[in-house]
Number of protein chains: 2
Amino acid sequence: MEDLVTSSEPCDDTPKRKPRADSVRNRARLLAAAADVFRAGGPDASLEAVARSAGVGIGTLYRHFPTREALFQAVYRREVDELVELARRLGDGDTAPLEAIRAWLRASVRMVATKKGMIAALAPAVDASAEIYVDSAARIRGCLARLLERARAAGQVREDITPDEILRVMIGLAYSRDQLGWQESVVRLLDIFVDGLATHPDRPPLST
Amino acid sequence: MEDLVTSSEPCDDTPKRKPRADSVRNRARLLAAAADVFRAGGPDASLEAVARSAGVGIGTLYRHFPTREALFQAVYRREVDELVELARRLGDGDTAPLEAIRAWLRASVRMVATKKGMIAALAPAVDASAEIYVDSAARIRGCLARLLERARAAGQVREDITPDEILRVMIGLAYSRDQLGWQESVVRLLDIFVDGLATHPDRPPLST
DNA sequence: TTGAAAACGGAGGCAGCCTCCGTATATTGC
DNA sequence: GCAATATACGGAGGCTGCCTCCGTTTTCAA
């Protein structure tokens, strides 16, 4: 159950050649174009538009990503990568721990917001079983947990809050409405929420 | 702001003739077929399939319902009508008030469940502004409120619960997962919830 | 340099969306 | 009943998107 593909035989199924340069390039182009197109048109956007925008043929798109879902997941994974990378930078840097959380949440919302198609992908991050989503959800939870742990160690946030709860607040807020200006509203509410997270010695813990 | 269409001149824009029989018949057929097709295929199901299933031409469908949304809303309104009618019967009948609520919730979930396309329509019932949804949400809330009031008057449910909260539980439960057997699960959870609604004099009220 | 593995790209078949308009039919006035 | 006409019907047609298939092109490595 541990070496399905990755470990046992390092180079067994693809020892032949190094990947072709054009293939790599086109794949990258497709991912970038897909991000743009999904951003603008949601998850139902035309795949032919993606191919056009990437400057490749539709066949090339389908070779790299056999299904809409595959392409969507690849884009999603990249978004998650960025989120994780941002968390790493915020955690390593000299940003105050609580402000790091604030910044990360803002970035997350902005990402979810601008790319409204992503909502459909992030929502599963709470509870879905579609392999990649489980994995991504774990990574997101993980890096948020690290940020939170750091803030906790610095005594800057209350003890009785979990990464899951924060995530749920973020997704819940973002999921609800998509009226004009909702993004600002959500960011503001998140800010207030983070304020509330700050340690207040005189306030009793949440009743859970 | 009060007589845009309905009041001022009772029969002004359509005083001409009585509606043609075939038109009425086809509209009914289309609604029935649409319910079936959406039931099976979700809100993205093919409109041509609806027309085929209704035994009318695609043009006829588009004359009656100029957009997918219009057809969907008409179907939705019918579903809501049924729900409201069921509530009325349950409220008038000799069903025990609490059991009436239980039965109504089960019916609602079953309706939402079987017709998974409806979820997308019921979810807005919590907070959306698309005219019909606001209206339908109000009607649903209203008839649930009546059921609840009756149970309350009979001393069968705790005082500190609102129709909105119950609705939110129902929709929240139904919205989340659509794995195999989820419907049974949701119905069971709702049952437990209704059990919890029952008056327990020794238990303190919810902390809201 | 050259051959073949790998990737490209788009034509083509299919399905759904929606419009338009010639044809069919119900209703009304006589 | 019968004509006149308002009304509704239906599907062809133009468009777009989905996805597959395969002849052509490019890249890698010997």
Side-chain angles (χ1 to χ4, degrees), chain A residues 10-75 116-117 120-121, chain B residues 11-76 116-117 120-121:
Chain A
C11 306
D12 190 57
D13 44 351
T14 48
K16 316 265 179 152
R17 294 180 166 201
K18 88 179 179 190
R20 278 176 55 161
D22 54 349
S23 175
V24 172
R25 178 171 16 92
N26 281 334
R27 187 187 182 84
R29 278 186 188 169
L30 279 168
L31 277 177
D36 283 347
V37 172
F38 285 151
R39 203 165 314 196
D44 290 335
S46 150
L47 294 191
E48 318 229 331
V50 171
R52 270 196 302 274
S53 161
V56 306
I58 185 66
T60 299
L61 184 151
Y62 274 94
R63 195 165 334 91
H64 283 290
F65 308 100
T67 65
R68 171 184 293 275
E69 183 66 12
L71 174 57
F72 196 73
Q73 284 190 4
V75 171
K116 63 179 177 182
Chain B
C11 307
D12 190 58
D13 44 352
T14 49
K16 316 265 179 156
R17 294 177 167 206
K18 87 179 180 189
R20 277 176 55 159
D22 53 350
S23 175
V24 173
R25 179 171 17 92
N26 280 334
R27 187 187 181 83
R29 279 186 186 168
L30 279 168
L31 277 178
D36 283 346
V37 172
F38 284 152
R39 202 163 315 192
D44 290 336
S46 150
L47 294 190
E48 318 230 328
V50 171
R52 271 196 303 273
S53 162
V56 306
I58 185 66
T60 300
L61 184 153
Y62 274 95
R63 196 165 333 92
H64 283 291
F65 307 100
T67 66
R68 171 183 295 272
E69 183 66 11
L71 175 57
F72 195 74
Q73 284 190 4
V75 172
Y76 174 59
K116 64 177 176 182

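First the proteins, then the strands, lettered A, B, ... as listed; each starts at 1.
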Engineer: B:Arg27 side chain to B:Phe65 main-chain N or O, any donor-acceptor pair under 3.5 Å?
Structural biologist: no
Engineer: D:dA8 C1' sits how many Å from B:Ile58 CD1, rounded?
Structural biologist: 15 Å
Engineer: Name the residue closer to the 5' end of DNA chain C, choosing between A:Thr60 and B:Glu48 according to the nucleotide with the nearest heavy atom.
Structural biologist: A:Thr60
Engineer: From C-beta outward on B:Ser23, which listed nucleotide comes closest to its side chain: D:dG17, D:dA8, C:dC8?
Structural biologist: D:dA8
Engineer: Could you tell me, to 10°, how much the axis swings from one end of the helix from C:dT1-D:dA30 to C:dC30-D:dG1 to the other, five pairs per end?
Structural biologist: 10°
Engineer: Which listed nucleotide (C:dG16, C:dA7, C:dC18) is nearest to the side chain of A:Arg20?
Structural biologist: C:dA7
Engineer: I need the OH-P distance between A:Tyr62 and C:dA7, as an integer number of Å.
Structural biologist: 19 Å
Engineer: Could you give the distance from OG (A:Ser46) to CZ (A:Arg52), rounded to the nearest 0.5 Å?
Structural biologist: 5.5 Å
Engineer: Report the distance from atom CG of A:Leu61 to atom P of D:dT20, rounded to the nearest whole Å.
Structural biologist: 12 Å
Engineer: Counting only side-chain N and O atoms of A:His64, is one of them less than 4.0 Å from OP1 or OP2 of C:dA7?
Structural biologist: no
Engineer: Distance check needed: C:dC8 P versus A:Arg27 CZ, whole Å only.
Structural biologist: 11 Å
Engineer: Between C:dT27, D:dC9, C:dC18, which one does the side chain of B:Ala21 approach most closely?
Structural biologist: C:dT27
Engineer: Give me the one residue out of B:Val75, B:Asp36, B:Val50 that meets side-chain contact (heavy atoms from CB on, under 4.5 Å) with B:Leu31.
Structural biologist: B:Val75
Engineer: C:dC8, OP1 or OP2 - any side-chain N/O from A:Asn26 closer than 4.0 Å?
Structural biologist: yes
Engineer: To the nearest angstrom, how far is B:Leu71 atom CG from C:dC17 atom P?
Structural biologist: 11 Å
Engineer: May I have the distance from B:Leu47 (atom CG) to C:dC18 (atom P), rounded to whole angstrom?
Structural biologist: 7 Å
Engineer: Would you say A:Ser46 reaches D:dC18's phosphate, i.e. side-chain N/O to OP1/OP2 under 4.0 Å?
Structural biologist: yes
Engineer: Any chance you could measure B:Tyr62, atom OH, to B:Leu71, atom CG, to the nearest 0.5 Å?
Structural biologist: 9.5 Å
Engineer: What is the separation between atom CZ on A:Arg68 and atom C1' on D:dC18, rounded to the nearest whole Å?
Structural biologist: 9 Å
Engineer: Side chain of A:Arg52: nearest nucleotide among C:dA11, D:dT27, D:dG17?
Structural biologist: D:dG17
Engineer: With a 4.5 Å cut-off on side-chain heavy atoms, are A:Asn26 and A:Arg29 touching?
Structural biologist: yes
Engineer: In whole angstroms, how far is the P atom of D:dG10 from the CZ atom of B:Phe65?
Structural biologist: 14 Å
Engineer: Under 3.5 Å, is there any donor-acceptor pair linking the side chain of B:Arg63 to the base of D:dA8?
Structural biologist: no
Engineer: Looking at B:Ile58 and B:Leu47, what are the two nearest heavy atoms and their distance?
Structural biologist: CD1-O, 4.0 Å
Engineer: With rounding to the nearest 0.5 Å, note down the distance linking CD in B:Glu69 to CD in B:Gln73.
Structural biologist: 4.5 Å
